**Q** 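I'd like to ask you about the structure that follows.
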Amino acid sequence: MTVEVPPLRCRFIHAMVGLLAEKMPLSPARREEEIFRRLIELEMQAESGGASETSCRVIASVRRMAGNAIIRSDLPVIRGS
């Protein structure tokens, strides 16, 4: 199986890494929401800005993980009896 790796010089991948590394003076929940929102924007920029298909898939995957983290944090925790 061949694994496609996005170009290391892709400006959109660099922007994503910078976004994920950025310190944000927000509560953890607000930080997750802000990262998710900015990943959506970055994904749209990458798609319209000529990023490779692989780079777009990587950004979309990280965006989905961020969205799933928000959903999971909102779910109630059910404890056994």
Side-chain angles (χ1 to χ4, degrees):
M1 180 171 126
T2 303
V3 177
E4 291 181 53
V5 178
L8 297 178
R9 295 177 194 239
C10 176
R11 65 186 171 111
F12 299 106
I13 296 297
H14 278 273
M16 182 184 68
V17 171
L19 168 79
L20 296 173
E22 186 178 329
K23 286 188 176 185
M24 295 181 196
L26 301 170
S27 68
R30 291 287 304 142
R31 183 178 189 281
E32 287 177 349
E33 290 172 5
E34 180 65 13
I35 289 172
F36 180 70
R37 185 189 66 73
R38 290 173 61 185
L39 284 167
I40 290 171
E41 291 173 1
L42 181 62
E43 185 179 2
M44 290 188 299
Q45 291 171 3
E47 289 172 353
S48 66
S52 71
E53 183 181 333
T54 304
S55 293
C56 290
R57 279 197 319 266
V58 168
I59 296 167
S61 179
V62 173
R63 187 243 325 134
R64 279 190 300 276
M65 285 188 271
N68 288 339
I70 292 169
I71 291 168
R72 279 194 302 275
S73 70
D74 288 340
L75 293 175
V77 176
I78 301 173
R79 309 252 182 219
S81 35

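Just so you know, these numbers come straight off a predicted model, no measurement behind them. These values consider heavy atoms only, across backbone and side chains, with no hydrogens, waters or symmetry-generated copies.
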**Q** Nearest 0.5 Å, please: how far is NE2 in H14 from OG in S55?
**A**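 Atom-to-atom, S55:OG and H14:NE2 are 10.0 Å apart.
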
**Q** Taking only Lys NZ, Arg NE, NH1 and NH2, and the carboxylate oxygens of Asp or Glu, determine whether R57 and E53 approach each other closer than 4.0 Å.
**A**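 Answer for the salt bridge query: yes.
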
**Q** Show the nearest heavy-atom pair for residues L42 and F12, with the distance to one decimal.
**A**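 Here L42 and F12 meet closest at CD2-O, 3.6 Å.
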
**Q** Quick one: are R38 and E22 in side-chain contact, heavy atoms under 4.5 Å?
**A**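 They are in contact (side-chain heavy atoms under 4.5 Å apart), so the answer is yes.
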
**Q** Looking at R31 and E34, does any basic side-chain N land under 4.0 Å from a carboxylate oxygen?
**A**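 Salt bridge: no.
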
**Q** Tell me, with the steps shown, if M24 and I35 meet side-chain contact (heavy atoms from CB on, under 4.5 Å).
**A** CA-CA 9 Å; M24 295 181 196; I35 289 172; 3.8 Å; yes

**Q** Does a side-chain N-to-carboxylate-O contact under 4.0 Å join R37 and E33?
**A**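 Looking at E33 together with R37, the answer is no, because their closest N to O distance does not fall below 4.0 Å.
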
**Q** If you compare all heavy atoms of A60 against all heavy atoms of E43, which two are closest, and at what distance to 0.1 Å?
**A**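 Between these two residues, the closest heavy atoms are CB-OE2, 3.3 Å.
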
**Q** List the steps, then state whether side-chain contact (heavy atoms from CB on, under 4.5 Å) holds for V58 with M16.
**A** CA-CA 10 Å; V58 168; M16 182 184 68; 3.9 Å; yes

**Q** How long is the gap from CZ on R63 to CD1 on I59, to the nearest 0.5 Å?
**A**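 Output value for this atom pair is 10.5 Å.
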
**Q** Kindly give the heavy-atom pair with the smallest separation between A69 and E32, and that separation in Å.
**A**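 That closest heavy-atom pairing would be O-OE1, 4.1 Å.
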
**Q** Atom CZ in R64, atom CZ in F36: separation rounded to 0.5 Å?
**A**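 Spacing of CZ (R64) from CZ (F36) equals 10.5 Å.
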
**Q** In Å and rounded to the nearest 0.5 Å, what is the CG to CE distance from L39 to M65?
**A**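 It is 9.5 Å, given to the nearest 0.5 Å.
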
